[in-house]
Amino acid sequence: MNESLSNTGNFSTAAHKQALASITAAKQRSPFAVPEVCIVAVTKAFPVDALITGFAAGHRLFGESRVQEAAKKLPAFPERDQCRIHMIGHLQSNKAKQAIDLFDLIESVDSLKLFQRLDRLAGEAGKQMPIYLQVNTAHDEAKTGFSPGALIDSVDEFAAGRHTTVQGIMTIAPFAQDSDVIRECFGRARQLRDELRKSIPSCTDLSMGMSVDYELAVEEGATHVRLGSRLFGPRPDYHI
Ligand SMILES: *Cc1c(COP(=O)(O)O)cnc(C)c1O
């Protein structure tokens, strides 16, 4: 962990600069890397100051993990409307409506049932809701998300969504694995994005990589990396 980070949850400009430099270096190592990689600054578990200090440092894209937490925090963030806020945590179906109201994009659409519910509720809210489909590339029973097979099998259902726009794929790599395993997961997510894009042209984004593995993700073609502790320091205890 980087010395310039305190654990107050304030955005560290120095850590941000270092992350940008690492991303630049990772891009140069790989043919799959894309020219423009966006950092989603993950503010879950931190006070609203994380958002406020991030905004002051020029950052405009944030990630939150829980509907209830965001519902409390975002009204206390005066510049919220000048930012984009992604929902990145598992979304319970009874919070789907609130999530549509609160977030600019939902990254964690992990079942066909949730997709269809969001599509219906977005329609009722008169909104066009951008989403990512979360795929379980790690074959990890404990993680939510579509299996690669189920994702491809449901392409027609996704394409039929009228009030949701499938804008990409999101994945979480297995923890504490050797880098070959992680790289394989990220590569598989990229291939699935490419496959889906043939039927759904809007499906361009690839959200993968966290503080521990974002460089690998960039090498495998991530368009978005989700960084929490790398930018804000260690998180207080948190159960997703
Ligand atoms: C918490 C979280 C992150 C950020 O984790 P760090 O290790 O702090 O970078 C990224 N993605 C998801 C889905 C998360 O829940």
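For ligands, and for the atoms within them, numbers begin at 1 and follow the listed sequence.
The backbone N or O of Ile39 sits less than 3.5 Å from a side-chain atom of His59, completing a donor-acceptor pair. At least one donor-acceptor pair closer than 3.5 Å links the side chain of Glu69 to the backbone N or O of Ala45.
Short contacts between ligand 1 and Ser65, defined as distances under 4.0 Å to a heavy atom of the residue, involve ligand atoms 15 (O). Using a 4.0 Å cut-off to heavy atoms of Ile172, the atoms of ligand 1 that qualify are 13 (C). Here is the list of ligand 1 atoms found below 4.0 Å of a heavy atom in Leu227: 9 (O).
Scanning for side-chain contact (heavy atoms from CB on, under 4.5 Å) contacts around Ala99 gives Val67, Leu91, Phe103, Ile106, with sequence neighbours left out.
Side chain to side chain, Thr165 and Ser202 fail the donor-acceptor criterion of an N or O pair below 3.5 Å. The closest side-chain donor-acceptor pair between Arg226 and Ser207 falls under 3.5 angstrom. There is no side-chain donor-acceptor pair under 3.5 Å between Ser147 and Asn136.
The nearest non-hydrogen atom to atom 13 (C) of ligand 1, considering only Thr43, Val40, Ile88, comes from Ile88. One option in Gly233, Ser211, Gly63, Pro234 has a heavy atom closer to atom 6 (P) of ligand 1 than any other, and that option is Ser211. Checking Lys44, Met210, Arg66 against atom 14 (C) of ligand 1, the nearest heavy atom belongs to Lys44.
Residue contacts with ligand 1, taken as heavy atom pairs separated by less than 4.0 Å, involve Arg235 solely via side-chain atoms from C-beta onward.
Judged by the shortest distance from any of its heavy atoms, Val212 lies outside the 4.0 Å radius around the atoms of ligand 1. Under a 4.0 angstrom heavy-atom cut-off, Glu107 registers as lying outside contact with ligand 1.
Residue pairs that meet the side-chain hydrogen bond (donor to acceptor under 3.5 Å, both in side chains) test with at least one member in residues 24-37, sequence neighbours left out, are Arg29-Glu219.
Considering backbone and side-chain atoms alike, Arg226 places an N or O below 3.5 Å from some N or O of ligand 1. For ligand 1, the polar-atom distance check finds an N/O of Gly228 within less than 3.5 Å of one of the ligand's N/O atoms.
Residues Thr43 and Glu64 meet the side-chain proximity criterion, which asks for heavy atoms closer than 4.5 Å.
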